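Please read all numbers here as calculations on a predicted model, not as lab measurements. Sequence lines set the chain letters: A, B, ... in the order given, protein chains first and strands last, and positions in each chain run from 1.
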Amino acid sequence: MDTKPVNQRAWLMVAPVLVIVAFSALIPLMTVVNYSVQDIFGPGEAYWVGVEWFQEVLRDRRLHDALFRQFLFSGLVLLIEIPLGVAIALAMPRSGWKVSLVLIVLALPLLIPWNVIGTIWIIFTRPDIGLFGVAINAAGLTFDHTARPLDAWVTLMLMEVWHWTPLVALLAYAGLKAIPPAYYQAARIDGAGPWSVFWYIQLPKMRGVLTIAVLLRFMDSFLIYAEPFVLTGGGPGNTTTFLSIYLVKMALGQFDLGPAAAFSIIYFLIVLLFSWVFYQALQNVGRADRAGGGPQG
Amino acid sequence: MLDLSWMAWTTPTAVFFAVIFAILVVFGILHAIRPSFERVGVLGIPTQRGDRLFVSLLGSAFIHLAWLGLVGASLWWALGVSLVFAAAVFRWV
């Protein structure tokens, strides 16, 4: 049984947060649920349609395609950014003035507003004046992200990797720096090579930060909007239309608030499911570490 | 008084949120009377009563969506399946 003294005054401290959450999350979410079962023409003009929007959205082929694209995009992001980030962190200097230099260079992409990132890459990849576009065309390859779907994807992936790999690298670097030197000394005494050191010391010790990196990168890439919207606008055709772009087209472009609300709820449930799975993974990674590392269990 | 007509409340959605809210209140009271203990179930993760409620609710949402997409618009059977699912979650997860 809990023997700690019960002090309910702490609830007062939580009250402002509850009010903010109610205004910023609960009331909008309740409204979305209300909209999802009605045909909304304007304030006070709503007609009950039941689950019709949900059925419509669930059978929408374009939504299926956007969902598939979204999973493909997030999967590629994780497959590229996590190993690349770890590799960069391993190659980074551990002390001296070079550390500051590398950290600043790495942090630069993270400091740029997301819509500006899209604009930078539009100009960078233009076939007439962009450095990347001109160079790749001069090499004899046809490259045009406005007309060729594969080129649009390549550009998007390059942009995403350039933008967010530094975050993974910084997290992995923090994990590496936290390993006590005694581990490396013990490895040297045992005659372990660089690969064994990585596999048995560095990677297990980075597991916590890497789980956070996976969680952040999955969530962020799954909700991506500004960069592809600016860079490709979802095209060519619909080949880079991700869930959020499709949702905004539906809600604001066509003003189909009912179907967009039903879509939002499904989107929200998917994000909620994955957040929960990743959260459990995160918790249990920590648990396994503690069970192996000390008497706390 | 705030004008909340833009929220477009309907009776079914109000009932829906009232039921969710009531479940949370009941579980809150239950937690105060009989605190739940952690156990590891079929998912291999430690769960408390609240975790099992969350899994039940999230699973029920997906059961309802699957029913809508694969079977039809009448959701009473989906509700039944969800209740069975919730019972299973509380028993084995």
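- Considering every non-hydrogen atom in both A/L269 and B/F62, the closest pair reads O-CZ, 3.5 Å.
- Chain A forms more heavy-atom pairs under 4.5 Å with one residue of B/A14, B/P12, B/A61 than with any other, namely B/P12.
- Nearest heavy atoms, A/R59 versus B/L68: NH2-O, 3.6 Å.
- Taken from CD in A/Q55 to CG in B/L65, the straight-line distance is 11.0 Å, to the nearest 0.5 Å.
- In this structure, no portion of A/I265 lies under 4.5 Å from any heavy atom of chain B.
- Atom CG of A/N34 is separated from atom CZ of B/F16 by 10.5 Å, given to the nearest 0.5 angstrom.
- Contact count against chain B (heavy-atom pairs under 4.5 Å) is highest for A/M30 among A/E45, A/E52, A/M30.
- B/L43 touches chain A through its side chain: at least one heavy atom from C-beta onward sits under 4.5 Å away, while N, CA, C and O do not.
- The 12-atom threshold is exceeded at CH2 of A/W48, counting heavy atoms of other residues, nucleotides or ligands nearer than 6.0 Å.
- Using a 4.5 Å heavy-atom cutoff, the side chains of A/W276 and B/V55 are in contact.
- Chain B forms more heavy-atom pairs under 4.5 Å with one residue of A/V37, A/I270, A/L58 than with any other, namely A/L58.
- Looking at A/V33, the atoms closer than 4.5 Å to chain B (heavy atoms on both sides) sit in the backbone and in the side chain alike.
- The environment of CZ in A/F71 is crowded: more than 12 heavy-atom neighbours from other residues, nucleotides or ligands sit within 6.0 Å.
- The neighbour count for A/F229 CZ, taken as heavy atoms of other residues, nucleotides or ligands under 6.0 Å away, does not exceed 12.
- When atom types are taken as modelled, the side chain of A/Q38 and the backbone of B/A8 share a donor-acceptor pair closer than 3.5 angstrom.
- Annotation for B/L58 and A/L273: closest pair CD2-CA, 3.7 Å, computed over non-hydrogen atoms.
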